[in-house]
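Keep in mind that the numbers below use all heavy atoms, side chains included, and drop hydrogens, waters and symmetry copies. First the proteins, then the strands, lettered A, B, ... as listed; each starts at 1.
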There are 2 protein chains.
Amino acid sequence: MNLKQLEVFLWVAELKGFTKAAKRLYMSQPAVSFQIQSLEEFLGVKLFWRNEKNVILTEAGKLLFEQAKQIVAHFYKIKSVVNDLKELKTGSLTIGASTIPGEYILPKLIGDFRRQFPGIQINVRIAGSAQVEKWLLNREIDLGFCGTLISGKEIECLPFLTDHLVLIAPVDHPWEAGGEIKISDLVKEKFVLRESGSGTRKTFETSLARSNISKEQLSIVMEMGSTRAVITAVEAGLGVSVVSFLAARDPLLLGLIKEIRVHNLDLNRKLYVIRDQSWMSNFAAETFHSFIFTQENNLLFS
Amino acid sequence: MNLKQLEVFLWVAELKGFTKAAKRLYMSQPAVSFQIQSLEEFLGVKLFWRNEKNVILTEAGKLLFEQAKQIVAHFYKIKSVVNDLKELKTGSLTIGASTIPGEYILPKLIGDFRRQFPGIQINVRIAGSAQVEKWLLNREIDLGFCGTLISGKEIECLPFLTDHLVLIAPVDHPWEAGGEIKISDLVKEKFVLRESGSGTRKTFETSLARSNISKEQLSIVMEMGSTRAVITAVEAGLGVSVVSFLAARDPLLLGLIKEIRVHNLDLNRKLYVIRDQSWMSNFAAETFHSFIFTQENNLLFS
DNA sequence: CACCTAAATAAGGATATTTTATTTAATGCC
DNA sequence: GGCATTAAATAAAATATCCTTATTTAGGTG
């Protein structure tokens, strides 16, 4: 039994004639006879009562007619559902991100994307960069966003945005807001920082290393797993910190903390999109990936 | 797109490998590759992400997997539903019958049939013989039962039972219960009969004609469309009648009417099953037809 | 680097399906 | 009753499809 047999059957039943069905299907009448015969043979029942002048369904034919209509419709529905997927009318996309991209960059990006492709369901998971990488390897996410460069031939890792880290201090700190200090001044300070391994922390340590200051020289009074928590600690006067400007912007504008420039210290770091080589497997993921690098989103770069 | 492609696809997805699926399906691995490729080409999407060591479904593949399972199941369900029909586990049968067969013979016959084939839904319509024939020609019924011989090459008409008509009279009628009268005695009587055209009426008139008594010689005081109504009229003393023994039996046993034999008058008549040449179109009808002529049902003959 | 596994590819061959041509069977019309 | 007409079945050849064997490619492994 196959689809063609059912289609031919439906048209013969519909048009009440082998010849008519043949014309409608652009095939010859014997071909129609052949298809009906093989279907009848397969099912072991007569489907039509053939008289001269009219072709009518038997009981089994009537039963098959209903079923066949459903099946044929289902077949064509598959085609259209897959098309919807291709045209991003439907689909789903699971994104994993570390905190800075996840909390400060993705929300706008996803908002823009969803306006353009409202049928796509988007899920976001937020965790550390290492976890994002694991998710990707386990295929739990389609795309990952993180603050550290990932190597490994399984994973494609592209920078998509430069993030600026800033030195922040409590408002009552001796440093002057908007002023500039020397790198060596940092070693005298108490620091509240994100945990080791986080993108922010790594970037800061790497920058210091370029100025020949080792991470052991810093006095770290507290490590926290969330940038927002770090900022709150700085607000409370527990120490100074280096965090993404994106996270610090609002507290700075509200005067809850202050920013101090550091002479000759490059605190920029790149943020990366990662995906594994199976990216062809999800249309929405592929499209979102291109989306990041196009149009006004480029404004995010600096 | 056809069924084979979907089946191959399902097994590749299930067994996570082209070679494994090929073995399971008793076909070669290239044939499996070919089927998957043509399905992918038709849908315009990659269905599997092929790596060495593992074959995994893409988003479109996952979507198709669910749909394909349903479709394939539906295909096999058709086969089994048609089989049920062939094996009379399901199906329906519409019978048309004139009053005597419909009210006095079919009920038992249908009861026995239903005990053997409980899945068959049976509908019975009761009307005059002429109407039964019309129903049959219109294919409104699968089988007909009537008291008159039907001719016409469209219709097959077989006798299946001999029905005995009996002369009945009110209990207070001068004739002796169980006694015998001469045919000529009939013309002096008032008759309550079934309408012209009914099987019973025709049989009676034919029998009289054989004894050279024309129907005009009878004095008919009432014509009724129902045998039960005729009997009730006789009970009420409105006249005598000739009715099927099957209908008269109970009132006779209860002493509500009495039976009188008529010397040398053959009041037997045959009852017929009719079906049209499309009888192959309904398994239940075919089986019911054979059922009538088999086993203990033969006891009905005399 | 050879070896192994699994899928893709190529080419020839086996099946299936379709077409053309013809037959059958019933209908309608002189 | 004979003859044209219509519609489906059948036969045989042509074609398309699908499958198999053999081979290639690619990645992983000892």
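- A donor-acceptor pair shorter than 3.5 Å cannot be found between the side chains of Ser129(B) and Glu133(B).
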Using a 4.0 Å heavy-atom cut-off, write out nucleotides 17-24 of chain C from 5' to 3' as B (base contacted by protein), S (sugar-phosphate only) or - (no contact). SBBBB---
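- Atom pair Glu7(B):CD and dC18(D):C1' shows a separation of 15 Å (rounding to whole Å applied).
- In terms of heavy atoms, Lys20(A) sits closest to Lys16(A) at NZ-O, 4.0 Å.
- Atom CG in Asn54(A) sits roughly 13 Å away from atom C1' in dT6(D) (whole-Å rounding).
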Apply ring-ring contact (aromatic ring centres under 6.0 Å, His included) to Phe160(B) and Phe145(B), showing your working. CA-CA 9 Å; Phe160(B) 77 102; Phe145(B) 292 85; 5.4 Å; yes
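- Of all the heavy atoms in Leu6(B) and Ala68(B), the pair that sits closest is CD2-CB, 4.1 Å.
- Across all their heavy atoms, Ala285(B) and Asp142(B) have their closest contact at CB-CB, 3.7 Å.
- Look at CD1 on Ile36(A): it is 9 Å from P on dA9(D), rounded to the nearest Å.
- The separation between Gln37(A) atom CD and dA16(C) atom P is 16 Å, rounded to whole Å.
- The distance from atom CG of Leu39(A) to atom P of dA9(D) is 13 Å, rounded to the nearest whole Å.
- The number of heavy-atom neighbours closer than 6.0 Å to NZ of Lys270(A), taken from other residues, nucleotides and ligands shown, is 12 or below.
- Residues Glu40(B) and Phe48(B) come closest through the heavy atom pair OE2-N, 3.5 Å.
- Residue Ser33(B) has no polar side-chain atom (N or O) positioned under 4.0 Å from OP1 or OP2 of dA7(C).
- Over its full length, the helix from dC1(C)-dG30(D) to dC30(C)-dG1(D) turns its helical axis through 10°, comparing axes from the five pairs at each end and rounding to 10°.
- Within 6.0 Å of the NZ atom in Lys77(A), the count of heavy atoms belonging to other residues, nucleotides or ligands does not exceed 12.
- With rounding to the nearest 0.5 Å, the separation of CD in Gln37(A) from CG in Leu47(A) is 11.0 Å.
- Following rounding to the nearest Å, Arg24(A) (CZ) and dA7(D) (C1') show an atom-to-atom distance of 20 Å.
- A heavy atom closer than 4.0 Å to some atom of DNA chain C occurs in Gly17(B), Phe18(B), Thr19(B), these being the qualifying members of residues 11-20 of chain B.
- Taking only side-chain nitrogens and oxygens, Arg50(B) never comes nearer than 4.0 Å to OP1 or OP2 of dA6(C).
- Within the 4.5 Å cutoff, no side-chain heavy atoms of Leu25(A) are placed close to those of Gln35(A).
- With rounding to whole Å, Ile56(B) atom CD1 is found 15 Å from dA7(C) atom C1'.
- Rounded to whole Å, atom C1' of dT6(D) lies 11 Å from atom NZ of Lys23(A).
- The environment of Lys69(A) atom NZ is dense: over 12 non-hydrogen atoms of other residues, nucleotides or ligands sit within 6.0 angstrom.
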